[in-house]
Amino acid sequence: MMRHRVPTPFTWSALILLALTGCAQLPPEVAAEMSAPDGQRPNHYAIIEKQGDAGTGPEAGSP
Amino acid sequence: MRQALTRACALLLAAGWLAGCSLSPGRAEQDRQVDMPGWQSVRLAPGAETLELRSGQVVVTDSGGPAALFFALFAAEFSPFVHAGILVMEDDKPFVYETFGGIRPWFGRRPTDMIRGRVARTALADFVRRNRYVEIYDLPPGVEAARVTGYVRTHYANRTPFDPYFRYDEHEALYCTELTVLALEAGGWQVPALIPFPDNPSLTRVREWLGISDRGTVQARQLIEPQRFVAALSVMRQQERFHVYIELKRELHRRFTADQKLGNLFEWNGKNLLFRQPVEDFIVRGLEMYRGRDVPGLARVRADISALALRMFGPMEG
């Protein structure tokens, strides 16, 4: 019969450490560049289309 | 419900084009012999009647997703393709020698510190399946194919590591287009100058933090010429659908002017680079634009994508 080992505190630490290594944290100056647009700088990718506009234009009109 | 399903399929399509130089396929896909063609459609060069695969040909692809667009931003001029390799015929079977990396759990401060990979040999069928759309080009005139293939095979045998820092000033580790351009150089080709990074302060800050601080990069478009086009292979029956994706990427690239920050396009969740929701919406709607009908000519697609961007994002200021 298979026995299940209970992880020791050391094992837990190792597992948590292993998980954390996959999550690179950004330094503040880099995080500022990767942060969501806040209106402080121009944004050429901000949605301006009003609700309900979808379905008009080239998607519906192109041959 | 149908809309949600459609959206999921379109996203899968976009995400399925993996980030060539940075994300890896499953290990099982490498070094595997494949007897069945991995493509659904072939577009040959004008006048060609059969698919002529020869050792030394250059293979390019886009690979897609957020990372592919991120790499495309490394050059001010848009390049439709971000990944490249060299075709080698072995026992009459085509293989692509390429290099790429994948993010592995590792003690690192930066994502680039966690990328590991090496020169790989991939059956062309698997390469097409993985990248969905691939173009093949003949070598430039005068370049010796045997030397080109010898170069990539040597680096495959040496297990040369992937270079996540895109350094061209050393060749101990190689990134995808670096491997390809050096192979062409080994065959006698005059290597073109590096394409300098664009003057965008936000990209520069992030790029330098990632440790990518050489003078520039080799871009896939430098390795090919339209007159050397041999064929395009795709898992899609209608290859024009890939061109819709390329035009969406072109529009996103065009809008990334010097005053834009990377956070307008992407977010980093600690493990992966993702598109911001508006960008994802734009891609999904663009990919769905011609659902259920033939894709029109390139000029019309470009105009439609431009109109979609104008309606969703508005005109660019400045």
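In what follows, chains are A, B, ... by sequence order, proteins preceding strands, each numbered from 1.
- Contact count against chain B (heavy-atom pairs under 4.5 Å) is highest for A:E33 among A:M34, A:E29, A:E33, A:R41.
- Side-chain contact of B:D281 with A:Y45: a donor-acceptor pair under 3.5 Å is absent, judged by distance alone.
- Ranked by heavy-atom pairs under 4.5 Å with chain A, the list B:L210, B:N264, B:L273 is led by B:N264.
- In terms of heavy atoms, A:A36 sits closest to B:K261 at O-NZ, 3.4 Å.
- When each of B:L265, B:N272, B:V279 is scored by its heavy-atom pairs under 4.5 Å with chain A, the top score falls to B:L265.
- Counted by atom type alone, B:Q219 and B:T217 present one or more donor-acceptor pairs between their side chains at under 3.5 Å.
- Of the two parts of A:A46, only the backbone, made up of N, CA, C and O, holds a non-hydrogen atom closer than 4.5 Å to a non-hydrogen atom of chain B.
- Contact of B:L310 with chain A is made through the backbone alone, with heavy-atom distances under 4.5 Å.
- With a 4.5 Å cut-off on non-hydrogen atoms, B:F282 does not touch chain A at all.
- Heavy-atom contacts from other residues, nucleotides or ligands closer than 6.0 Å to CZ of B:R215 number 12 or fewer.
- Neither the backbone nor the side chain of A:A31 comes within less than 4.5 Å of any heavy atom in chain B.
- Side-chain contact, B:D62 with B:Y245: a donor N or O sits under 3.5 Å from an acceptor N or O.
- With a 4.5 angstrom heavy-atom cutoff, B:L252 touches chain A via backbone and side-chain atoms both.
- Ring geometry for B:F81 against B:F242 counts as parallel: the plane angle stays under 30°, on a 0 to 90° scale with 60° as the upper cut.
- When only modelled atom types and interatomic distance are considered, B:Q239 and B:S234 share no side-chain donor-acceptor pair under 3.5 Å.
- Contact tally against chain A (heavy-atom pairs below 4.5 Å) for B:Q260, B:R205, B:R276: the top residue is B:Q260.
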